[in-house]
Amino acid sequence: MLSLAACSSDASANGDCNVGISMPTRSLERWINDGEQLQKQLEEADCTVDLQYADNKTSQQISQIQNQIAGGAQVLVIAPIDGEALGPVLDQAKKQDAVVISYDRLIEGTENVDYLATFDNFQVGELQGKYIEEQLGLADGAGPFNFEPFTGSPDDPNAGFFFSGAWDVLLPYVENGQLVVRSGKSPASNKDWASIGIPGWASDKAQAEMDNRLSSFYTGSDKVDAILSPNDSLAIGIIASLNSASYSPGDEYPIITGQDADKANVKAILDGKQSMTVLKDTRELGDRVFQMIQSIIAGDEPETTDTETYDNGKKVVPAFVLTPLVVTKDDVQTKLIDSGFIDAKDVGL
Ligand code: GAL
């Protein structure tokens with residue numbers, strides 16, 4: 001196997017450094033950043049890169065990966081739409097010794113995934129749960145408060161990690177009555193998260209769900225005090241629903257969590273319409289995957305940090321796990337703008 005540096009001129013010419021990148025969708029801001037950043041880094045290292053987006057359609061993702069395999073991809077970097085649907089196509093990948101890196105989300109139910117690069121997604125949920133706990137003073141016995149939990153797309157393995165992290169913090173307060181879920185949409189345990197999942201992480205579906213909960217369970221002077229939103233695309237739908245129900249920023253406005261630091265949500269945080277988001281710096285993740293590919297092309301074992309946690313049902317996938325960060329109104333400047341994650345003008349600053 002040639003190293004990436006050595007492969008610069010001959011390798012890409014004879015296709016040695018050939019990487020297929022498969023992202024879920026362009027409709028969610030972060031995946032555009034993820035795909036384009038990694039593509040740029042690899043192409044600057046003279047790799048041949050095929051970057052594909054699958055419009056959140058699993059069949060489209062499978063055929064795009066098949067094309068990348070047919071195109072001679074040595075390494076496949078895949079953020080699965082449905083964690084359990086890629087077994088057969090990865091069997092094909094293995095037939096040509098392609099190395100498979102699961103990107104951000106764990107590919108499940110197959111031996112044919114070699115590595116995972118992601119953030120600590122359980123910790124993402126924990127940070128959201130602890131934020132609500134602290135803001136409401138739950139540990140000091142405050143309450144009762146009206147609280148509505150949301151969970152992510154039922155086909156996304158990460159959604160289970162997010163919910164488990166948050167529910168480990170919040171369920172005790174639901175059980176002792178400090179948090180009241182008027183809608184009844186309160187999973188009995190971590191493993192029941194998909195029962196209230198929002199398919200495709202779709203903002204419009206989250207908005208419709210919140211409209212329904214508000215109109216059915218929050219009439220008259222009843223107000224919701226806190227909402228667990230696992231990511232920003234759901235939060236933006238929930239905010240729109242609150243808006244049409246005449247909630248406006250101020251003391252009566254609920255706590256709303258988020259994830260991904262999408263521009264629209266950072267603006268909402270600055271406008272007092274969202275309380276926090278969890279930053280998972282896509283540049284860090286892209287850079288880590290770039291380093292993993294360099295090692296793989298050089299015939300070396302990529303560095304990993306966790307060889308125990310990520311059991312995909314067929315094997316424990318060795319993983320490199322990065323650390324997520326809480327961002328509130330007070331640290332948008334330092335954590336997002338000064339770090340270059342977003343431009344001030346994108347959020348009206
Ligand atoms: C998750 C990902 C989150 C969020 C969500 C919707 O898998 O980890 O960061 O982006 O998908 O795309």
Side-chain angles (χ1 to χ4, degrees), residues 21-38 53-58 61 77-86 101-108 113 116-128 150-166 193-194 196-207 228-238 256-266 274 276-286 288-289 309-310 312 317 319-327 336 341-342:
I21 304 174
S22 173
M23 293 288 154
T25 175
R26 295 186 69 88
S27 66
L28 292 164
E29 188 174 301
R30 67 148 299 174
W31 302 114
I32 298 171
N33 297 336
D34 289 286
E36 292 177 359
Q37 281 160 2
L38 182 56
Y53 291 88
D55 301 334
N56 266 342
K57 298 189 189 80
T58 295
Q61 185 165 45
V77 177
I78 303 171
I81 296 162
D82 180 342
E84 295 177 354
L86 301 179
I101 299 176
S102 203
Y103 187 95
D104 189 82
R105 297 172 176 178
L106 182 61
I107 294 169
E108 299 172 302
V113 52
L116 168 68
T118 189
F119 286 85
D120 183 335
N121 291 308
F122 179 88
Q123 191 186 356
V124 168
E126 221 174 19
L127 292 170
Q128 294 167 338
F150 281 73
T151 63
S153 192
D155 53 8
D156 181 352
N158 278 348
F161 284 112
F162 304 144
F163 185 68
S164 299
W193 66 271
I196 60 168
I198 303 289
W201 294 95
S203 302
D204 58 349
K205 291 195 174 83
Q207 181 173 357
L228 174 69
S229 173
N231 90 324
D232 284 353
S233 64
L234 299 191
I236 217 77
I238 292 164
I256 304 179
T257 61
Q259 173 187 184
D260 290 334
D262 292 352
K263 295 184 184 81
N265 297 76
V266 174
Q274 182 170 327
M276 59 87 83
T277 189
V278 176
L279 172 65
K280 301 196 310 185
D281 195 326
T282 51
R283 299 167 300 178
E284 251 188 271
L285 184 56
R288 173 47 54 186
V289 171
T309 307
Y310 295 94
N312 78 350
V317 181
F320 198 101
V321 183
L322 298 162
T323 305
L325 281 179
V326 168
V327 175
L336 299 180
F341 185 77
I342 55 175

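Read the numbers this way: they start at 1 and go in the same order the structure lists the ligands and their atoms.
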| message | Below a 4.0 angstrom heavy-atom separation, can you tell me which part of D104, side chain or backbone, both or neither, approaches ligand 1? | response | side chain
| field | Flag for Q61-D82: side-chain donor and acceptor within less than 3.5 Å | value | no
| field | Numbered atoms of ligand 1 (with element) below 4.0 Å of F162, judged on heavy atoms | value | 8 (O)
| request: Given side-chain contact (heavy atoms from CB on, under 4.5 Å), test L285 with R30 step by step and report yes or no. | output: CA-CA 11 Å; L285 184 56; R30 67 148 299 174; 3.7 Å; yes
| query | Side chains of D104 and N158: is there a donor and an acceptor less than 3.5 Å apart? | reply | yes
| query | Side chains of F162 and N231: does their closest heavy-atom pair fall under 4.5 Å? | reply | no
| Heavy-atom distance under 4.5 Å between the side chains of T25 and W201, does that happen here? | no
| task | Check whether any side-chain heavy atom of Y103 lies under 4.5 Å from a side-chain heavy atom of I21, and answer yes or no. | result | no
| At a 4.0 Å threshold, what atoms of ligand 1 neighbour a non-hydrogen atom of D260? | 3 (C), 4 (C), 9 (O), 10 (O)
| At a 4.0 Å threshold, what atoms of ligand 1 neighbour a non-hydrogen atom of K280? | 2 (C), 3 (C), 8 (O), 9 (O)
| Does the N or O separation between R105 and ligand 1 drop below 3.5 Å for any pair? | yes
| What atoms of ligand 1 come within less than 4.0 Å of a heavy atom belonging to D156? | 1 (C), 7 (O), 11 (O)
| N/O separation below 3.5 Å, N231 to ligand 1 | no
| Atom indices of ligand 1, in the order listed, that fall short of 4.0 Å to a heavy atom of L28 | 6 (C), 12 (O)
